[in-house]
Amino acid sequence: MDELLQKLNPQQLQAVTAEDGPVLVLAGPGSGKTRVLVHRVAWLLRTRPPHLQAVMAVTFTNKAAREMRDRLSHLLGHSALDRLAVGTFHSLCARLLRREADSAGLDRNFVIFDSDDQLALMKSVLKSLNLDEKKFRPAAIHAAISRAKNELIAPAAYPLQSYFDEIVQRAYVQYNALLRANNALDFDDLIMESVLLLQRDEHVLRRSRERYAHILVDEFQDTNVAQYALVKLLAMEHRRLFCVGDPDQSIYAWRGADYRNVYRLRQDFPDLRVIPLEQNYRSTQTILDAAMAVIRKNAQRQHIQLFTDRGRGPRIVVRELFDEREEAEYVVETIREIARRGAAQRGEIAVMYRTNAQSRALEEAFIRAGEPYRLVGATRFYARREIKDTLAYLRIVHNPADTVSLQRVINVPPRGIGEKTFAQLELVARARGLTPLQAIQQGAVDGRAAKALQAFAERWQSWIALSAQASLLQLFDHILNTSGYADYLRDGTQEGEERWENVQELRNVIAEAGGLSLADFLAEVSLVSDVDDFDERVDAPVLLTLHAAKGLEFRVVFIVGLSEGTLPHSRTLDDPEQIAEERRLLYVGITRAQERLYLLYPFRRSFWSEDDVTEPSRFLRDLPPELLEGNVGGRAGAKRKASQWQSEPVKPKASLRFRPGDRVSHPHFGSGVVLSSAPIGDDEELEVFFPSVGGKRLSANFSGLKQL
DNA sequence: CTTGCTACTCTTTTT
DNA sequence: GAGTAGCAAG
């Protein structure tokens, strides 16, 4: 038998070698579904006539796509990749639309607006409709439009049941118009426009069906209506469709994902073959039992029995700590202990939480302890101001119609081109059907700022000219220097240097990619996801949200903040459907763990500088006591343990101005974190950690240290 | 037009 | 507690 197929269990083998025709693999967590998917693709590429069959595989993240490509080129050799299109729905649709730009009625150079851009555009929509942002929150309107696009509802078909709906509809029309005027698409457009194109244009549809003779979809439970429509359009005729999913891990309903697509699949493809994968290769039975105990409480689900041959393993630790800070310290301390005992390496450990804001307390604890960590998401690299600014410069060169990017940089550094001038420019350009660049060049805007505008347009034009001849890297450097942005950023402060370093990091990305075109670079950058750039080779624990943890596994998992209001989140409490999703979220978190699981919650939580007593999460009650370490009985017992663990009291003396963990700023060293504080006469001796220079001993009275 | 101040809302989760 | 919108002064 093919060596490709060794090491697969019978169910996996059945899935990998299934005959052509619609297949749904219902895969529990840790059942090797990624492996099945990759081997299925390999199997198809190997057994089908090379000239006929190509494969489209849809993964949930770009990271997964990259890993699949790596595995396949290892298994089959690099040339096999020629017949494979693999990526997320978004990246594959972006490629389709670019390829078929003419048929789609799009300019091939369209850019993709990220969430920041989308929000900025929405704000200008509301402004032009004279709507008060207080009353109609841009984010809320945008969310409604996004939902509509995910369900393939055009502006004209938007259902009007309230005054708010009418506002949304008007905003929807205007928002789309502005996107077009900017030669831009938002994330949702990538899918919706692709579907519309395939519905409208028979030739494109036929071409696409031929191009993708096999279609494979990972994380099928997280597809939305539009994505399902796309899959159906492409696969309905040849029916060579292979989906992998787990309804219990559906955690994206809030962005339009509809696990009922699993039922639609059954309806639309009556010959659908369903193959379950129940054996788990990841976790101990203790962890699986806990996971099943949690998920079992959700109604309306098929009963899946997860089993493993990895043994029972250590029991699960459930623990109450005093507050978020102690919780974080417990995590850091325990990780240290685990690493010291050699129970796991730091890089095999993850800390998960419901909301990004919770990473804060954890980060501070890691910094205080001088322990390394990796953070996924939150302050995403590509969301940083200096990165967005730099990209905006590149984007206006690539696409002079992009007014959102132009607005970002036209007066950064300050050039005397303010809001008024920009508004006028935008107005004139739109009225005459010109790009802002053309409008300036034709002298369409006069007044005091005209001179400044001319000067900027000249620069801009010269960058465009350069972009035609020079490499991306040369263009990058040239723009930074001649725009004045480099000097502007490097203002001599600590923070400025850090921001400049980030820009240099972006430069490295370009340099390493080698010979990338401006268009390709921008297209790639706008679709990177949080987990995409997380480096597995670094030996440090990972901090990430439960959502971002999907598809990953770790030997040791900590889940923090397991209290009512956090998980389940307070915004979900009035809706049983949403609480069910919160439960699935915890299920996903638990099943990431291979060996050890810690479930923590704080007794007290501070919220906007107010302290609240919290209830432990209702989900914790569903855990059978025999799976848990020690007795978790009442709150008092847990609290005693928490303080017992705390070897030294951290309660500060009332006279001290600084406490460990305080964020401070210093005139020379920039911002830092207080590690310790001890009274000396009337003064305090402080130990402060600065990211720039490391640890310093300072006097509270004389160092000029300020609390942040 | 820019800067610096005060007041205000806001915390889910993300391609 | 923090980022930002809005306002007043330079």
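Everything numeric here is computed off the predicted structure, so don't read it as measured data. All chains are named by letter (A, B, ...) in the order of the sequence lines, taking the proteins before the strands, and each is independently numbered beginning at 1.
- Side-chain proximity of His90(A) to the nucleotides dT14(B), dT15(B), dT11(B) is greatest for dT15(B).
- Residues satisfying the ring-ring contact (aromatic ring centres under 6.0 Å, His included) criterion with Phe113(A), sequence neighbours excluded, are absent altogether.
- In this structure, Thr421(A) and Ala357(A) both approach DNA chain B, and ranking their closest nucleotides by distance from the 5' end singles out Thr421(A).
- With its ring centre under 5.5 Å from that of the base six-membered ring and a plane angle below 30°, Trp254(A) counts as stacked on dT13(B).
- The side chain of Thr545(A) contributes an N or O atom lying less than 4.0 Å from OP1 or OP2 of dT14(B).
- Atoms CG and CD, on Leu562(A) and Glu327(A) in that order, are 8.0 Å from each other to the nearest 0.5 Å.
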Can you tabulate the close N/O pairs, meaning under 3.5 Å, that link protein atoms to atoms of nucleotides 2-9 of chain B?
| unit_1 | atom_1 | unit_2 | atom_2 | d |
| --- | --- | --- | --- | --- |
| dT2(B) | OP1 | Asn411(A) | OD1 | 3.0 |
| dT2(B) | OP1 | Asn411(A) | ND2 | 2.4 |
| dT2(B) | OP1 | Gly416(A) | N | 3.3 |
| dT2(B) | OP2 | Asn411(A) | ND2 | 3.1 |

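- Taking the nucleotide of DNA chain B with the nearest heavy atom to each of Phe422(A) and His569(A), the more 5' of the two is matched to Phe422(A).
- Atom CG of Asp188(A) and atom C1' of dT15(B) are 9 Å apart (whole Å).
- Taking the C1' atom of each, dG6(C) and dT11(B) are spaced 23 Å apart, rounded to whole Å.
- A distance-only check finds no donor-acceptor pair linking the side chain of Asp258(A) to the backbone of Asn224(A) [under 3.5 Å].
- Contact annotation: Asn356(A) reaches the phosphate of dT13(B) (side-chain N/O to OP1 or OP2, under 4.0 Å).
- Arg255(A) forms a cation-pi arrangement with Tyr252(A), by the criterion of a distance under 6.0 Å to the ring centre and an angle within 45° of the ring axis.
- A cation-pi geometry, defined here as NZ or CZ lying under 6.0 Å from the six-membered ring centre and within 45° of its normal, does not hold between Arg499(A) and Tyr488(A).
- Residue-level contact check: Gln578(A) touches the bases, meaning some heavy atom is under 4.0 Å from a base atom.
- Aromatic ring pairs are classed by plane angle as parallel below 30°, tilted from 30° to 60° and perpendicular above 60°; the pair Phe164(A) and Phe136(A) is parallel.
- When distances run from any side-chain atom of Ser115(A) to the nucleotides dT15(B), dT11(B), dT13(B), the shortest one goes to dT15(B).
- Distance from the side chain of Arg360(A) is smallest to dA2(C) among dA2(C), dT15(B), dT13(B).
- Electrostatic pairing of Arg618(A) and Glu564(A) counts as a salt bridge here, judged by a charged N lying under 4.0 Å from a carboxylate O.
- Considering only side-chain N and O atoms, Asn150(A) lies nowhere under 4.0 angstrom from the phosphate OP1 or OP2 of dT15(B).
- In this structure, the CD atom of Gln118(A) is 12 Å from the P atom of dT15(B), given to the nearest Å.
- Listed nucleotides: dT13(B), dT15(B), dT11(B). Nearest to the side chain of Arg571(A): dT11(B).
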